[in-house]
Number of protein chains: 2
Amino acid sequence: MATKTTENTPLSPEKAIRIQDKHRKIILAAIKVFARKGFFSARISDIAQEAEVADGTIYLYFNNKYDILISIFEEEIGKIIVDIKERINQEEDPKRMLRLFAANHMRLVKERKDLSEVLQMELRQSNKFMREYRNTRFIEYVDIISRIIHKGQELNVFRKDVLPGVAKRAFFGALDETARLWILSPTNQYTIEEAANQISSIFLSGIEQAN
Amino acid sequence: MATKTTENTPLSPEKAIRIQDKHRKIILAAIKVFARKGFFSARISDIAQEAEVADGTIYLYFNNKYDILISIFEEEIGKIIVDIKERINQEEDPKRMLRLFAANHMRLVKERKDLSEVLQMELRQSNKFMREYRNTRFIEYVDIISRIIHKGQELNVFRKDVLPGVAKRAFFGALDETARLWILSPTNQYTIEEAANQISSIFLSGIEQAN
DNA sequence: GAATCGCAAATGAATATACATTCATTATTA
DNA sequence: TAATAATGAATGTATATTCATTTGCGATTC
């Protein structure tokens, strides 16, 4: 569900770049506005204003308001997944992989606070109003964790009685909830890096194979 | 923000009961409808229909749509807190307390699926459209965890380098996220009781004082 | 015991508002 | 000049909230 224009007509390179520019500009504006107001309270005219385009222009690039949200999921998480997978593939040790995942997740939360808020909120809300949209991107992201755990079990680093399907959610949930509260009041007792560290440590000594 | 009627005139006992009945009836209907559609997509007339009252009747008991949501938080979480605190006070061992909290949380999720969905969703969304409403109930609930951890540290059962403020969120987040996914597809590989168990185990061996 | 009264509670049609979306018009570009 | 892109005012819709009216019920009178 992204750009409407490119459907039938191939574009010259310059044009494609220009169009993508405006598409991205709207996405970035929408992330800001959704983060500030939430999806439902955000008006198209807010997004248009933030993106410095006319209301109608948005409909040249997106089919409707939902479509903007879905595009945020697809495009932004998509990039994040590619990036973290690449980083993790450079590691050998499952323990370090998990620490890396946590650190990377929290870094993203810090660096892209608005995006994090949107993803967090709408992740919950979404199943209600876009029943048809299965959030495969998100599933893919969390599955990175279960694959690490599975690998660790094969290497006898992690306990075999841990269910990867539960552990992945527990780990992700721990990070996500800690991040959520951190966003709400960044004047906290702890830094987000500390939090990532603590959570990794607790979790790792929780699933470590005793020997 | 609850009942509007009782403001000036004291009521006979029977009447008070009748009114509370209808108030509750609307709350329960709203929980169902909000769970099904989400707060924003839920229409007042949906709630009225579910509660078998007229649209206008709802405004005799609540000031507006938000007020219904806030009342759900206040009243329903309120009861849950009282209940879990009582259960936990009957325990001595911090480890058992944590297990009890997890088991109880998951039992609630299972038994009151609709309520869980509403709390989970709107917890995230709420800060956007009810900025002024500080969700003290929720904070109180999660603080039960940090108090257990703190106590365990005093008794030398839990590691002292664990920050209770981080750990409480990590633990709650782990439960909450696992529950969320479980709700979405209850035909899962694991039961919710297993999940509670796993999470407790992982977390406990993660924060245990080595000796 | 029936008839009447008065008040609180409930009703639901009407109102008002907010906003997503459209599209006739204008600007830009090649 | 023709085609494409952008504009923003106008439209239509959806629905939260209101309020004039009706209903239900206990108390009071005869």
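Numbered from 1 within each chain, the chains take letters A, B, ... in sequence-line order.
Distance from the side chain of A:Tyr59 is smallest to C:dT21 among C:dA10, D:dA5, C:dT21. Nearest to the side-chain atoms of A:Ile44 among the listed nucleotides C:dT11, D:dA16, C:dT21 stands C:dT21. In this structure, of C:dA9, D:dA16, C:dT21, it is D:dA16 that holds the atom nearest to the side chain of B:Lys65. For B:Arg43, counting side-chain heavy atoms from C-beta on, the closest listed nucleotide (D:dA6, D:dA16, C:dA10) is D:dA16. The side chain of A:Asn64 has C:dT21 as its nearest neighbour among C:dA20, D:dA5, C:dT21.
Straight-line distance from the NZ atom of A:Lys22 to the P atom of C:dA27: 15 Å, rounded to whole Å. Rounded to a whole Å, the CG atom of A:Asp46 is 13 Å from the P atom of C:dA18. As rounded to whole Å, 8 Å separates atom P of D:dT15 from atom NZ of B:Lys37. When rounded to the nearest whole Å, the span between OH of B:Tyr66 and P of D:dT17 equals 8 Å. Remark: C1' of D:dT7 and CD of A:Gln49 are 15 Å apart, rounded to the nearest angstrom. Taking atom CG of B:Asn63 as the reference point, atom P of D:dT17 lies 10 Å away to the nearest angstrom. For the pair B:Asp21 CG and C:dA10 C1', the computed distance is 16 Å after rounding to whole Å. If you take CG of B:Leu60 and P of D:dT17, they are 14 Å apart, rounded to a whole angstrom.
Qualifying salt bridge (Lys or Arg N to Asp or Glu O under 4.0 Å) partners for A:Asp143, counting only residues two or more places apart in sequence or in other chains: A:Lys168. In this view, B:Phe158 satisfies the ring-ring contact (aromatic ring centres under 6.0 Å, His included) rule with no residue, not counting sequence neighbours.
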Give me, pair by pair, the N or O atoms of the protein and of nucleotides 12-15 of chain C that are less than 3.5 Å apart, along with how far apart they are.
| residue | atom | partner | partner atom | Å |
| --- | --- | --- | --- | --- |
| C:dG12 | N7 | B:Gly56 | N | 3.3 |

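Proximity of A:Gln198 to A:Thr178: side-chain heavy atoms (C-beta onward) are nowhere separated by under 4.5 Å. You'll find the side chain of B:Asp83 reaches within 4.5 Å of the side chain of B:Asn104, heavy atoms only.
The aromatic rings of B:Phe34 and B:Phe39 are tilted relative to each other, their planes meeting at an angle between 30° and 60°. Taking the six-membered ring where the residue is Trp, A:Phe171 and A:Phe203 present tilted rings, their angle falling between 30° and 60°.
Ring centers of A:Tyr141 and A:Phe73: at least 6.0 Å apart, outside the cut-off.
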